[in-house]
K.L.:
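This is the structure, below, for whatever I ask next.
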Amino acid sequence: MIQPVLFASLMVVIPVLLCLGVVVVIIIKAQKGKFEVKMTQPSFTTGEDVTGTVSLKTGSEISAERAVVMLVGMYEERRRKARSTVGYDDTAEEEWDSYTDEAFRHEEDLAVELPIPKGFKGDIDFAFPAPRPEQVTVRTNVGGVLQGLDIREGELPGAGFAMLTWTLEVHLVGSDLEPVSKVVPIMLA
């Protein structure tokens, strides 16, 4: 007699617990919100505008001092260290010297009301000119300065390589939200 009663009570309790679980998940997702960046095209060149949209959906008010989108160009150069010991390993990280330098930075405020109110849902468009070659400057690890189209990219003499990486970052400065970033190919022309 105890088994049918236990089975019947489980048949009532399990659906109630599942419904409560679904409600909790929906509430957590609604509070979390959405924060992402979308570009209007896959790459940009000098003379074009870097354009995109920041999608923002909030579940609670976001206190921020500033909403900013920035484009940062980072130059990285890696060269193989001189072979001086037995047991040289081509793949070992310690066999490479690495040098990085910020070559370009552009910051622009996003057009959004601060603090961002609870329940805000919208797309914030941004546009600014892609960098011109004369705006991009790299200080090399040997003290030289390269500018624009003179910046080396690809294979370097002496078993090395260099690259210029462009990252678009969106920050809500002063908020708990993590910044969103996206690598964006930009060709200097």
K.L.:
State which residues pass salt bridge (charged side-chain N to carboxylate O under 4.0 Å, His left out) with Arg66; sequence neighbours excluded, sorted by chain then number.
P.N.:
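Expected list: Glu107, Asp109.
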K.L.:
Restricting to pairs with a member in residues 161-186, which pass salt bridge (Lys or Arg N to Asp or Glu O under 4.0 Å), not counting sequence neighbours?
P.N.:
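Sorted pair list comes back empty.
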K.L.:
About how many Å separate CD of Gln41 and OG1 of Thr51, when rounded to the nearest 0.5 Å?
P.N.:
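So the OG1 of Thr51 and the CD of Gln41 are separated by 5.5 Å.
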K.L.:
Show the nearest heavy-atom pair for residues Thr137 and Asp101, with the distance to one decimal.
P.N.:
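Residues Thr137 and Asp101, closest heavy atoms: O-OD2, 4.1 Å.
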K.L.:
Looking at side-chain heavy atoms only, is the closest gap between Val69 and Val54 below 4.5 Å?
P.N.:
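No, too far: nothing below the 4.5 Å cut-off.
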K.L.:
First locate atom NZ of Lys34, then atom CG of Leu177, and finally report the distance between them rounded to the nearest 0.5 Å.
P.N.:
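Answer for the NZ-CG pair, Lys34 versus Leu177, is 13.5 Å.
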K.L.:
Suppose the criterion is ring-ring contact (aromatic ring centres under 6.0 Å, His included): which pairs have a residue in residues 40-79, not counting sequence neighbours?
P.N.:
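Pairs touching residues 40-79 that pass the test: none.
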K.L.:
Using the side chain to side chain donor-acceptor pair (under 3.5 Å) criterion, which residues pair with Ser63? Sequence neighbours excluded.
P.N.:
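Ser63 satisfies side chain to side chain donor-acceptor pair (under 3.5 Å) with no residue once adjacent residues are dropped.
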K.L.:
Sequence neighbours excluded, which residues qualify as side chain to side chain donor-acceptor pair (under 3.5 Å) partners of Ser98?
P.N.:
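In terms of side chain to side chain donor-acceptor pair (under 3.5 Å), with neighbours along the sequence ignored, Ser98 is linked to Glu76.
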K.L.:
Can you tell me how far apart NE2 (His171) and OG (Ser181) are? Round to the nearest 0.5 Å.
P.N.:
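So the NE2 of His171 and the OG of Ser181 are separated by 8.0 Å.
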K.L.:
Kindly write out the residues that satisfy side chain to side chain donor-acceptor pair (under 3.5 Å) with Glu102, not counting sequence neighbours, or none if the list is empty.
P.N.:
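Partners of Glu102 under the side chain to side chain donor-acceptor pair (under 3.5 Å) test: Arg105.
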K.L.:
Answer whether the closest heavy-atom distance between the side chains of Val50 and Met39 falls below 4.5 Å.
P.N.:
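They are in contact (side-chain heavy atoms under 4.5 Å apart), so the answer is yes.
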K.L.:
Given a cutoff of under 4.5 Å between side-chain heavy atoms of I, L, V, M, F, W and Y, with clusters grown through shared members, what are the other residues clustered with Val173?
P.N.:
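Answer for Val173: Val68, Met70, Val72, Met74.
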K.L.:
With ILVMFWY side chains joined below 4.5 Å, transitively, what does Val145's cluster contain besides itself?
P.N.:
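Members other than Val145 - counting any ILVMFWY side chain reachable under 4.5 Å - there are none.
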K.L.:
For Glu36, which residues count as a side chain to side chain donor-acceptor pair (under 3.5 Å) partner, sequence neighbours excluded?
P.N.:
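Counting only residues at least two positions away or on another chain, Glu36 forms no side chain to side chain donor-acceptor pair (under 3.5 Å).
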K.L.:
Let me check something: any side-chain donor-acceptor pairs from residues 110-133 under 3.5 Å, sequence neighbours excluded? List them with distances.
P.N.:
residue : atom : partner : partner atom : Å
Asp123  : OD1  : Ser55   : OG           : 2.9
Asp125  : OD1  : Thr53   : OG1          : 3.0
Arg132  : NE   : Glu134  : OE2          : 2.7

K.L.:
Tell me which pairs pass ring-ring contact (aromatic ring centres under 6.0 Å, His included) where either residue lies in residues 146-167, with sequence neighbours left out.
P.N.:
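For residues 146-167: Phe104-Trp166.
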K.L.:
At what distance, to the nearest 0.5 angstrom, does CG of Leu56 lie from CG of Leu172?
P.N.:
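Reported to 0.5 Å precision, the distance equals 6.5 Å.
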